[in-house]
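Just below is one structure, and these are the notes that go with it.
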Amino acid sequence: MNAREVRKTFLSFFEEHGHTRVPSSSVLPHGDKTLLFTNAGMNQFKDYFTGREKPRFPRATTAQKCIRAGGKHNDLDNVGYTTRHLTFFEMLGNFSFGDYFKEDAIAFAWELVTKRFGISPSRLWITVFRDDGEAREIWRKVAGVGAERIVGLGEKDNFWSMGDTGPCGPCSEILVDRGDAYGPADMDNGERFFEIWNLVFMQFDQKADGSRSPLPRPSIDTGMGLERMAMVLQGVDSVFETDLFRKLIHRVEQITGTRYDSGAAGVPHRVISDHIRSLTFAFADGAEPSNEGRGYVLRRILRRA
Ligand code: SER
């Protein structure tokens, strides 16, 4: 399945289930000083979650342009060295603004991944926040996932926050086990237990003083990495080998006269291909390299490329 079909399948599935398809917002967040770049699909809906604004629809679905190269979510230094990290990526998401909660979110995710995308449940693992017995139970009952494949983890892995302040909550991730070739069966091994989707059960608003107040209504925010899902469905070993990157990598080969290598010698091809996407989308949305803030991050990305 090519990436275009992955995106379409995701958005159409949620439209069929009553979600309004909303366009991606800019990678430069407007009117939100807590972010350098849009880092998740939920950013444009932040005020819907906190109750500062009345939602125009109870459910939404998006394919959001994201850049994770600064602030709380920063993957810059990993890019090129792993098969899965990118500074620019598209996040496919479904959102409930006080409408459905855990049970429907889990049922939707399981149906889409195992039926529409056809990934065998035998390859899938689930993580939940260690105190979230409810999510664990729903995975067992609604999706039929065996207890031995549901792993409870702490705040670092399974409690998602947008930044130092803002909406947050316990989360549950769907991982694909890529097998022994990717190293030991250890949950910290992200190359083997490859995260494809994060379901956040939004329940709190994180305050600057460290306290958390409950959101007006429990909500749902999910994010699936388009490039990662394309990788799994195309049966390739790295996001850089998907149809989203093949032409870019090839062009880097042509310009540099150096063949791509999926190992260490391919780091420069991967870095350049990722960074050119971040820069292109950031410039297209109106940013410019400069000496401070967001512009400085872009300058760093450019220099690294
Ligand atoms: N906001 C969550 C994340 O970025 C789910 O989309 O992982």
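We count ligands from 1, going down the list as the structure has it; atoms in each ligand are counted the same way.
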| task | Provide, to 0.1 Å, the distance between atom 7 (O) of ligand 1 and the closest protein heavy atom, together with that atom's residue and name. | result | Asn198 ND2, 2.9 Å

| If only atom types and distance count, is the side chain of Ser96 paired as donor or acceptor with the main-chain N or O of Phe101 below 3.5 Å? | no

| task | Report, in ascending order of atom number, the atoms of ligand 1 lying under 4.0 Å from any heavy atom of Gly223. | result | 5 (C), 6 (O)

| So which of Arg52, Arg212, Lys46, Arg217 actually passes salt bridge (Lys or Arg N to Asp or Glu O under 4.0 Å) with Asp205? | Arg52

| query | Judging by distance only, is a nitrogen or oxygen of Asp221 under 3.5 angstrom from one on ligand 1? | reply | yes

| query | Relative to the heavy atoms of Ala40, which atoms of ligand 1 are at a distance of less than 4.0 Å? | reply | 1 (N), 4 (O)

| Side chains of Thr242 and Gln234, donor plus acceptor under 3.5 Å | no

| query | Which one holds for Val200 and ligand 1: side chain close, backbone close, both close, or neither close, with close meaning a heavy atom under 4.0 Å? | reply | side chain

| said: Between Phe57 and Phe49, is there shared hydrophobic-cluster membership here, with clusters defined by ILVMFWY side-chain heavy atoms closer than 4.5 Å? | reply: yes

| task | Name the closest protein heavy atom to atom 4 (O) of ligand 1, giving the residue it belongs to and the distance to 0.1 Å. | result | Arg68 NH2, 2.8 Å

| Side chain, backbone, both or neither: Met91 near ligand 1, heavy atoms under 4.0 Å | side chain

| Ignoring hydrogens and geometry, is there a side-chain-to-backbone donor-acceptor pair from Arg304 to Leu76 under 3.5 Å? | yes

| field | Atoms of ligand 1, numbered as shown, that sit under 4.0 Å from any heavy atom of Thr222 | value | 5 (C), 6 (O)

| Derivation and outcome, side-chain contact (heavy atoms from CB on, under 4.5 Å), residues Ile220 and Arg59 | CA-CA 9 Å; Ile220 291 293; Arg59 305 173 173 201; over 6 Å; no

